[in-house]
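Here's the structure, in structure tokens; my notes come after.
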Amino acid sequence: MIDLRSDTLTKPTPAMRRAMADAEVGDDVYGEDPSVRSLEEQVADLFGHQAALFMPSGSMANLIGVGLVVEPGREVLCESRAHIMRAELGAHGALGGITSRTWSHPQGHLDRDAITDLFAPELPHLVSTAAISVENTHNFAGGTIQPVQDLVWLGEFASSRGLSVHLDGARIWNAHVSTQVPLGEYGRHADVMSVCLSKGLGAPAGSILLASAERIDRARIVRKRLGGGMRQVGILAAAGLIALTHLERLNLDHENAKLLAAACGVDPDSVESNIVIVPTADAASMVSEAAANGVRISAVGARIVRLVTHMDISVQDARTAAHRLSRLMPS
Ligand SMILES: *Cc1c(COP(=O)(O)O)cnc(C)c1O
């Protein structure tokens, strides 16, 4: 079985398992885990943010991160298929007390006109906009990369309106290796951001929230309040530190994704990272036909399937999967 459902499926590498076994640890709720502190410092430096906080999951990093810049009763604007909208089980409304409105863009990019029109200033009778969230790469749009000039525009727009920018950078690493835009440049355009270590980079768990020192101090309290204060979690941070050493291997995933796209009738040039979105007549039946042919893929809509390449998919696996899937495509 070749499993292309998600890049979260990766298993920790032998080097990660050794680092985990040997990790120096302490009680992270006391701020005394050296491996966690080292990981937080390194990631903060990479993105040019003052401070960082290790999180059990990307969803918690986004919940707390958006909450740092949007008070209950105010709104965040984002693209209609954003992970914070679709895939966090309504946490931002259910737990954060915030509302949202969305724009739609075929590639999940910013829509400058729509954002300008959506923006709502503080008035006594309308929900006011507090932040704009952008996802890079954009998962459900097919791993698409936000053009830097849009991020520059967003930063200027947000500061002119007194808004904050939240970046869901679960796969910002993929954007970075593909575009060669420095991580610090991506970090510069966000007030608060999250990055994930357990997707294509292969760590077993963990995301990092990045922001100013003052905001991270507040985030530490909220994380504990939500039950996310972990103790000798340097065991996990040790794997995260190894993850940071092999960013460049993500390029292989991107090549494999193009191979799979071609087999599924999707223009390989439209594939910007490790995710391929395939329109189909009936997603559920394509998923079961693929499984019957030894390839697991996922339905992300009634007529959309998603293929994701990752560390545990070799070039040979990608070729085999491409061959099997091509036979299922309507000619
Ligand atoms: C995976 C993902 C997250 C975080 O997911 P968790 O499973 O909670 O770690 C956040 N944003 C995007 C775009 C993702 O793909």
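In each ligand, atom 1 is the first atom listed, and ligand 1 is the first ligand listed.
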Q: State whether the number of non-hydrogen atoms from other residues, nucleotides or ligands found under 6.0 Å of Arg249 atom CZ is greater than 12.
A: yes

Q. Of the protein's non-hydrogen atoms, which lies at the shortest distance from atom 4 (C) of ligand 1, and what is that distance?
A. Gly58 CA, 3.4 Å

Q | Contact atoms of ligand 1, heavy-atom distance to Asn62 under 4.0 Å | A | 10 (C), 11 (N)

Q: From atom 13 (C) of ligand 1, work out which of Arg86, Glu88, Glu135 has a heavy atom at the shortest distance.
A: Glu135

Q) Backbone, side chain, both or neither: what part of His138 comes under 4.0 angstrom of ligand 1, heavy atoms only? A) neither

Q. Do protein heavy atoms approach atom 7 (O) of ligand 1 to less than 4.0 Å?
A. no

Q. For ligand 1, which atoms sit closer than 4.0 Å to a heavy atom of Ser57?
A. 8 (O), 9 (O)

Q.
To the nearest 0.5 Å, what is the distance between CG on Leu250 and CG on Asn174?
A. 4.5 Å

Q) Is it true that Arg171 and Asp253 have a side-chain N and a carboxylate O under 4.0 angstrom from each other? A) no

Q.
Test of understanding: given a 4.0 Å heavy-atom threshold, classify the contact between Lys199 and ligand 1 as side chain, backbone, both, or neither.
A. side chain

Q. How many angstroms lie between OG in Ser178 and CG in Asn251, if you round to the nearest 0.5 Å?
A. 7.0 Å

(Q) Heavy-atom pairs closer than 4.0 Å: do any link ligand 1 to the side chain of Ser59, the backbone, both, or neither? (A) both

Q) If you take all heavy atoms of His189 and Val165, which pair is closest and at what distance? A) O-CG1, 3.4 Å

Q. Tell me, which protein residue and heavy-atom name are nearest atom 11 (N) of ligand 1, and how many Å apart are they?
A. Asp168 OD2, 2.7 Å

Q.
Is there a side-chain contact between Arg5 and Val308 in this structure, where contact means two heavy atoms from C-beta onward sitting under 4.5 Å apart?
A. no

Q) Do you reckon Ile313 sits in the same ILVMFWY cluster as Leu247, going by side-chain contacts under 4.5 Å, direct or chained? A) no

Q. Does Met60 have a non-hydrogen atom less than 4.0 Å from ligand 1?
A. no

Q) Is there a nitrogen or oxygen of Arg171 sitting under 3.5 Å from a nitrogen or oxygen of ligand 1? A) yes

**Q.** Considering all heavy atoms, the nearest Leu325-Leu307 contact
**A.** CD1-CD2, 3.6 Å

